[in-house]
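Presented below is the structure to which this report refers.
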Amino acid sequence: MEKGGLIKKNDIDISKYLSDHGVKVSFQRMRIFTYFVKHRNHPTVNDIYEEVAKEIPTLSKTTVYNTLSLFVEKNILDVIIIEENETRYDWGECIHGHFKCDCCKEIYDIGIDINTMKKQTIDLKGFKINEHHIYFKGFCPKCIKK
């Protein structure tokens with residue numbers, strides 16, 4: 001299934017998904033992608049490394065970095081940079097934005113009406129958009145209640 005379609009956690013053949021996206025399948029790559037299928041949490045390289053290394057003690061951070069770069073290149077993952085010093089990754093199944101709480105640092109997916117956005121970007125008529133990034137920062141409802 002192409003990026004852009006919603007994929008349910010139990011409906012995916014990870015090996016086939018990676019292969020269909022031009023990725024040579026390896027045990028490490030499958031386990032790293034499995035992290036995204038299971039967690040859906042906008043992880044950093046360290047988040048992924050710490051979790052996957054529990055199962056693969058010989059895993060290196062370099063392997064994680066290289067795998068994530070490959071997944072981004074193959075249009076499987078998106079890079080999220082909300083803070084200058086923090087790179088996170090997202091299995092961008094459909095067009096959406098993000099909200100990062102300044103208090104708890106949680107990142108939430110937010111739905112975006114792409115049709116409304118197209119009307120709002122009239123100033124970009126004649127431009128070719130290669131990427132889009134939409135994010136908001138503030139306080140989530142849980143932290144507001146504190």
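In this view, Glu106 and Cys104, Tyr108 satisfy the side chain to side chain contact (heavy atoms under 4.5 Å, CB included) rule, not counting sequence neighbours. Partners of Lys16 by salt bridge (charged side-chain N to carboxylate O under 4.0 Å, His left out), not counting sequence neighbours, listed by chain and number: Asp20. For Tyr89, there are no ring pair (Phe, Tyr, Trp, His ring centres under 6.0 Å) partners at least two apart in sequence or on another chain. Partners of Phe71 according to the ring pair (Phe, Tyr, Trp, His ring centres under 6.0 Å) rule, which considers only residues two or more places apart in sequence or in another chain, are Phe33. Applying the ring pair (Phe, Tyr, Trp, His ring centres under 6.0 Å) test to His42 and every residue at least two apart in sequence or in another chain returns His98. For Asn85, the side chain to side chain contact (heavy atoms under 4.5 Å, CB included) partners are Glu83, not counting sequence neighbours. Scanning for side-chain hydrogen bond (donor to acceptor under 3.5 Å, both in side chains) contacts around Glu86 gives Arg88, Lys100, with sequence neighbours left out. For Ile81, the side chain to side chain contact (heavy atoms under 4.5 Å, CB included) test picks out Val79, Thr87, with sequence neighbours left out. Shown here are the side chain to side chain contact (heavy atoms under 4.5 Å, CB included) partners of Ser60, two or more places apart in sequence or in another chain: Thr62, Thr63. Under the ring pair (Phe, Tyr, Trp, His ring centres under 6.0 Å) criterion, Tyr49 pairs with no residue at all, not counting sequence neighbours.
Nearest approach of Ser15 to Val25, heavy atoms of both residues: O-CG2, 3.5 Å. Pairing each heavy atom of Val45 with each of Tyr65, the nearest pair is CG2-CE2, 3.6 Å. Lys74 and Gly22 get closest at one heavy-atom pair: CE-O, 3.4 Å. Across Lys137 and Phe99, no two heavy atoms sit closer than the pair C-CE1, 3.9 Å.
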Using residues 139-146 as the side-chain source, report each donor-acceptor pair under 3.5 Å to any protein atom, sequence neighbours left out, with the distance given to one decimal.
none

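When hydrophobic clusters are built by joining Ile, Leu, Val, Met, Phe, Trp and Tyr residues whose side-chain heavy atoms come closer than 4.5 Å, directly or via intermediates, Val64 is grouped together with Trp91. Ile107 and Tyr35 fall into different hydrophobic clusters, defined by Ile, Leu, Val, Met, Phe, Trp and Tyr side-chain heavy atoms under 4.5 Å apart, directly or through other members. Linking Ile, Leu, Val, Met, Phe, Trp and Tyr residues whenever their side-chain heavy atoms come within less than 4.5 Å places Leu68 and Leu18 in a single cluster.
With no hydrogens or angles considered, a side-chain donor-acceptor pair links Asp47 and Thr44 at under 3.5 Å.
Phe36 is not listed as a side-chain neighbour of Asp90, based on a closest heavy-atom distance of 4.5 Å or more.
Between His21 and Tyr17, the ring planes are tilted. Angles from 30° to 60° get that label.
Expressed to the nearest 0.5 Å, how far CG of Leu70 lies from CD1 of Ile32 amounts to 10.0 Å.
Within the structure, every pair that satisfies the side-chain hydrogen bond (donor to acceptor under 3.5 Å, both in side chains) test and touches residues 23-32, not counting sequence neighbours, is listed here: Arg31-Glu55.
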